[in-house]
Amino acid sequence: MKIEDFLSRYAGALVAGDLDAVAACYGYPSLILSDEGVLAVGGESDVKAAFAGAAERHRDQGLTEARPVIGETTRITERLVDVEVRWEYLDAEGAARAGEHYRYTLRGTGTGGDLAIHVVVPIPAAP
C-alpha cells in the first residue's frame, strides 16, 4: 500500500470517528515518543480510548475533513518508513486550517503491502 493511500484511509477513519478502523491502522505494540515522555500503546483499546470523541470535537469546531500533507519521507528498510505529516483540517466550505504535525514510523505488515503505525512523534509548532 502506498503511504498516501494509507494516510488517507487513516484520515477518513479519524474524521468518521470509526475507532475500529483507526485502531486497525496501528501495529502493536506502538510508542508515542515526545519530550514529555514515552507512552507504550499495547493494543486496540488504548488507541480507541485516545481517539474517543475526537471526531465529535472536530465537527463541533466546524471541521469536516482531515488531509495529510506528506513531507520528508525516509525509507529505513524494506518494510520500515519514516514519514513527516502535517495535518490540515477542512471546514464545510473547504477552507483549510492548520492542524497537528507528526513524524510516524510505519511498518509494512508483509500481507498485501499493508502499513501500520508503530511510532508517533508529535512535532511542536514552530515559535
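Only heavy atoms go into these numbers, but all of them, side chains included; no hydrogens, no water, no symmetry mates. Positions are given from 1 along the sequence.
Using bins of under 30°, 30° to 60° and over 60° for the plane-to-plane angle, the ring pair Phe51/Tyr26 lands in the tilted bin.
Looking at every heavy atom in both residues, Ala16 comes nearest to Ala55 through C-CB, 4.3 Å. Counting all heavy atoms, side chain and backbone alike, Ala11 lies closest to Trp87 at CB-CZ3, 3.5 Å. For Ala23 against Val47, the heavy-atom pair with the smallest separation is CA-CG1, 3.8 Å. The heavy-atom pair separating Pro122 from Ser34 by the smallest distance is CD-CB, 4.2 Å.
Inter-residue side-chain proximity for Glu44 and Tyr28 is flagged as met; some heavy-atom pair is nearer than 4.5 Å. In this structure, the side chains of Leu7 and Ile70 come closer than 4.5 Å at one or more pairs of heavy atoms. In this structure, the side chains of Tyr10 and Val22 come closer than 4.5 Å at one or more pairs of heavy atoms. Between Ile117 and Phe6 there is a side-chain heavy-atom pair separated by less than 4.5 Å. In this structure, Lys48 and Asp20 have side chains that are in contact, with non-hydrogen atoms separated by less than 4.5 Å.
Interatomic distance, Asp114 CG to Leu106 CG, rounded to the nearest 0.5 Å: 12.0 Å. How far CG of Asp82 is from OG1 of Thr74: 5.5 Å, rounded to the nearest 0.5 Å. Atom CD1 in Ile3 sits 5.5 Å away from atom CZ in Arg75 (nearest 0.5 Å). In this structure, the separation between CZ on Arg97 and CG on Leu63 is 4.5 Å, given to the nearest 0.5 Å. Here the OH atom belonging to Tyr104 is positioned 11.5 Å from the OG atom belonging to Ser30, to the nearest 0.5 angstrom. The CZ atom of Arg9 lies 8.0 Å from the CG atom of Leu115; values are rounded to the nearest 0.5 Å.
Side-chain heavy atoms closer than 4.5 Å link hydrophobic residues (I, L, V, M, F, W, Y) into clusters, and following such links, possibly through other members, connects Tyr102 to Leu39. Ile32 is connected to Val85 through a chain of hydrophobic side-chain contacts under 4.5 Å among Ile, Leu, Val, Met, Phe, Trp and Tyr, so both are in one cluster.
Checking side-chain atoms of His118 against main-chain N and O of Pro29 turns up a donor-acceptor pair under 3.5 Å. In this structure, the side chain of Arg67 does not engage the main chain of Glu88 through any donor-acceptor pair within 3.5 Å. Remark: the backbone N or O of Arg107 is not paired with any side-chain donor or acceptor of Thr109 at under 3.5 angstrom.
Residues meeting the side chain to side chain contact (heavy atoms under 4.5 Å, CB included) test with Glu78, sequence neighbours left out: none.
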query: Going through the distances and angles, do Glu72 and Arg103 end up as a side chain to side chain contact (heavy atoms under 4.5 Å, CB included)?
result: CA-CA 9 Å; Glu72 180 183 346; Arg103 181 165 290 280; 3.7 Å; yes
task: Given side chain to side chain contact (heavy atoms under 4.5 Å, CB included), test Arg59 with Thr64 step by step and report yes or no.
output: CA-CA 6 Å; Arg59 279 193 288 277; Thr64 59; 6.0 Å; no
- request: Check step by step if side chain to side chain contact (heavy atoms under 4.5 Å, CB included) holds for Thr73 and Glu84.
  value: CA-CA 6 Å; Thr73 301; Glu84 184 178 339; over 6 Å; no
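Through chains of ILVMFWY side-chain contacts below 4.5 Å, Leu31 is grouped with Leu33, Val38, Val119, Val121.
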